[in-house]
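Predicted, not measured: the structure shown is a model, and the values here were computed from it. In what follows, chains carry the letters A, B, and so on, assigned in the order in which the sequence lines appear, proteins first and then strands, with residues in each chain numbered from 1.
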2 protein chains.
Amino acid sequence: MPLQNPTRQAPITAADKVFEQLQHAIVEGDIAAGTKISEPELAKKYEVSRATLREAINRLEKCHLVERQANIGARIVECSVEGLLDLYITREALEGMACRQAAANMTDEEIVQMQSMLAEHAKAKELQEGVAYYQEEGDLDFHYKVILGSHNQQLINILCGQLYHLLRMYRCQFGMNSPRATRAFDEHSRIIDAIADRDGELAEILMRRHIAASRKNIEKKIAQHKLQQHNEDK
Amino acid sequence: MPLQNPTRQAPITAADKVFEQLQHAIVEGDIAAGTKISEPELAKKYEVSRATLREAINRLEKCHLVERQANIGARIVECSVEGLLDLYITREALEGMACRQAAANMTDEEIVQMQSMLAEHAKAKELQEGVAYYQEEGDLDFHYKVILGSHNQQLINILCGQLYHLLRMYRCQFGMNSPRATRAFDEHSRIIDAIADRDGELAEILMRRHIAASRKNIEKKIAQHKLQQHNEDK
DNA sequence: TTTGGAGTTATTGTCGACAATGTTCGTGTG
DNA sequence: CACACGAACATTGTCGACAATAACTCCAAA
């Protein structure tokens, strides 16, 4: 079962439901990146009026999954390497600060809960299939908890409400199942320690290094990929 | 004349125009914070249909100036002290990173342009009325330039597209004309020096301290205000 | 007096149709 | 043959009306 965004609210209106379906389809790549959205076509497909569909598109725009131009229409965002790196840099700044705030603002209960969550993940990791699991759910789960722990509504809105959908999209489209699972787990562990110690400065530094390490890992892969392509061309 | 958001695009549709008018009215406080938006009423006032008005409301929601609840409606956001501090903390993280990126990515031309801008401000500051000027336009002008200089679309979108409208709203509503003008000017000056030196690490630190100083100044004022109220009550 | 519920009113959500703008295709002219 | 212009088509923007939901009022019963 897929991990739900903790800030997500139950779908109430028809527009809510169409939004969720479209969001899923875009993130998973069922609708190709860069595709132009045809309002009449999609309205027919989901059996709603254009007004309802447009409402759904507006929400997609809010989480940066589509871009609209006046009198022209909406397109699914393109997944570029630059876009991915921009995203990671932004995350580094925001989650670093969220982590610092979490160290200051999380309740003791929240910290205990997060520690037990990590212990669960550790157990799951022992199992062979657990490694794969940790990459997907466990990682998001951890980051969500830290962000919510900041108790800063701005940070929560931007990270959980907007950027994380985009991040999931990139992860799907670029097939990112990095071999950083074990190392990432250790890093998570140390971050929690820093939060438990109420050491905001260290917590921020560790979170930034954690995300920066992911980014550099991606950059390395891209470089290798390009090199490989270059050799093939010869 | 008010400084325009550099990422703003010319209004094309009727919804664009209504959005800009509403945005201005909300930021300036012509529509009180916390007010519930009545779609029929505003549609009548701006002489557009409800569909057009709803489109405008959606954009206001994108820059966090209103909040919507399904089947209930939209309200202008409340300006709370916590909200203001959350905003400054988020800015500290984002603009700090933007500043680091600016040091790495700004072109030499952009840097020269920014330096000359500051020189202009310095001249204006000499004049008596210039001090007031620098608080409003000059400050925003500087921060915009740094953000754009990051060449990071995510940072630009979030800061210029979303947070800065909220910031202007808080500044208007709380009547923030702090006496930090001269000091802020010096801080800006040093930040530009760091960028010109291509010293990203220092640039980030200085920008964070610059914003943190504003935040602490606000916190101090709030504390004084509370103390004063407390004494009055006695 | 207060509380609970039924009926009324107002507001939001959704719909189909029309107007305005963009796009495409074909034709004519240089 | 290339280019420009114009007509036909498709898409988006806007509108007014209806359906669904929430808010309010008023009355009755505890």
Side-chain angles (χ1 to χ4, degrees), chain A residues 7-26 30-78 161, chain B residues 7-26 30-78 161:
Chain A
T7 59
R8 162 184 166 276
Q9 42 205 5
I12 297 177
T13 67
D16 286 330
K17 297 186 190 102
V18 174
F19 163 67
E20 288 208 353
Q21 292 182 71
L22 277 174
Q23 187 184 41
H24 191 270
I26 293 171
D30 297 337
I31 304 177
T35 310
K36 183 178 180 314
I37 288 180
S38 164
E39 292 182 6
E41 185 187 324
L42 280 186
K44 196 175 155 195
K45 182 173 175 183
Y46 290 99
E47 296 176 314
V48 292
S49 76
R50 266 186 58 224
T52 303
L53 184 89
R54 280 166 71 86
E55 173 70 32
I57 291 179
N58 266 315
R59 302 204 199 164
L60 292 172
E61 206 184 349
K62 269 170 215 155
C63 46
H64 300 191
L65 291 177
V66 309
E67 286 167 351
R68 263 178 57 188
Q69 280 183 292
N71 284 318
I72 292 178
R75 318 189 73 87
I76 314 291
V77 292
E78 295 274 4
Chain B
T7 60
R8 161 181 167 278
Q9 43 205 5
I12 297 176
T13 67
D16 286 328
K17 298 189 190 97
V18 174
F19 163 66
E20 289 207 352
Q21 292 182 73
L22 276 173
Q23 188 184 41
H24 192 269
I26 293 171
D30 297 337
I31 305 178
T35 309
K36 185 178 178 313
I37 289 180
S38 164
E39 294 182 4
E41 183 187 326
L42 281 186
K44 195 175 157 196
K45 181 173 175 183
Y46 289 100
E47 296 176 313
V48 292
S49 76
R50 266 186 58 225
T52 302
L53 184 88
R54 280 167 71 87
E55 173 71 31
I57 291 179
N58 266 315
R59 301 203 200 164
L60 292 173
E61 206 184 350
K62 270 170 215 155
C63 46
H64 300 188
L65 291 177
V66 308
E67 286 167 352
R68 261 179 56 187
Q69 278 182 294
N71 283 319
I72 293 178
R75 317 188 73 87
I76 314 290
V77 293
E78 295 274 4

Quiz item: Taking DNA chain D as the partner, which of residues 57-65 of chain A come within under 4.0 angstrom of it by heavy atom?
Solution: none

Please list, for nucleotides 19-22 of chain C, all pairs of protein and nucleotide N/O atoms separated by less than 3.5 Å.
none

Quiz prompt | Any B:Leu65 side-chain heavy atom under 4.5 Å of B:Arg59 side chain | solution = no

Quiz item: Looking at B:Ala15 and B:Ala56, what are the two nearest heavy atoms and their distance?
Solution: O-CB, 3.9 Å

Quiz item: With sequence neighbours excluded, what pairs up with A:Ile12 under the side-chain contact (heavy atoms from CB on, under 4.5 Å) test?
Solution: A:Asp16, B:Ala70, B:Asn71

Quiz item: Is there a side-chain polar atom (N or O) of B:Thr52 under 4.0 Å from OP1 or OP2 of D:dC15?
Solution: yes

Practice problem: Kindly give the heavy-atom pair with the smallest separation between A:Asn58 and B:Glu55, and that separation in Å. | Solution: ND2-OE1, 3.5 Å

Quiz item: What is the minimum heavy-atom distance between B:Ala74 and B:Ile57, and which atoms define it?
Solution: CB-CG2, 4.0 Å

Exercise. Please tell me if the side chains of B:Arg75 and B:Glu67 come closer than 4.5 Å, counting only heavy atoms from C-beta onward.
Key: no

Exercise. Mind checking side-chain contact (heavy atoms from CB on, under 4.5 Å) for A:Glu20 and listing every partner two or more places apart, or none if nothing turns up?
Key: A:Arg8, A:Pro11

Quiz item: Whole-Å distance between D:dT11 P and A:Arg75 CZ?
Solution: 13 Å

Quiz item: B:Ala51: what forms a side-chain contact (heavy atoms from CB on, under 4.5 Å) with it, not counting sequence neighbours?
Solution: B:Ser49

Exercise. Answer yes or no: is there a side-chain heavy-atom contact under 4.5 Å between B:Leu22 and B:Ile31?
Key: yes

Practice problem: Could you identify which residues of residues 35-49 of chain A place a heavy atom less than 4.0 Å from some atom of DNA chain D, listed by residue number, or say none? | Solution: A:Lys36, A:Ile37, A:Glu39, A:Pro40

Quiz prompt | Closest non-hydrogen atom pair between A:Lys36 and A:Gly73, with its separation | solution = NZ-CA, 4.3 Å

Quiz item: A:Arg54 CZ to C:dT14 C1': how many Å, rounded?
Solution: 14 Å

Quiz item: Pick the nucleotide of DNA chain D nearest each of B:Arg50 and B:Glu55; which residue has the one closer to the 5' end?
Solution: B:Glu55

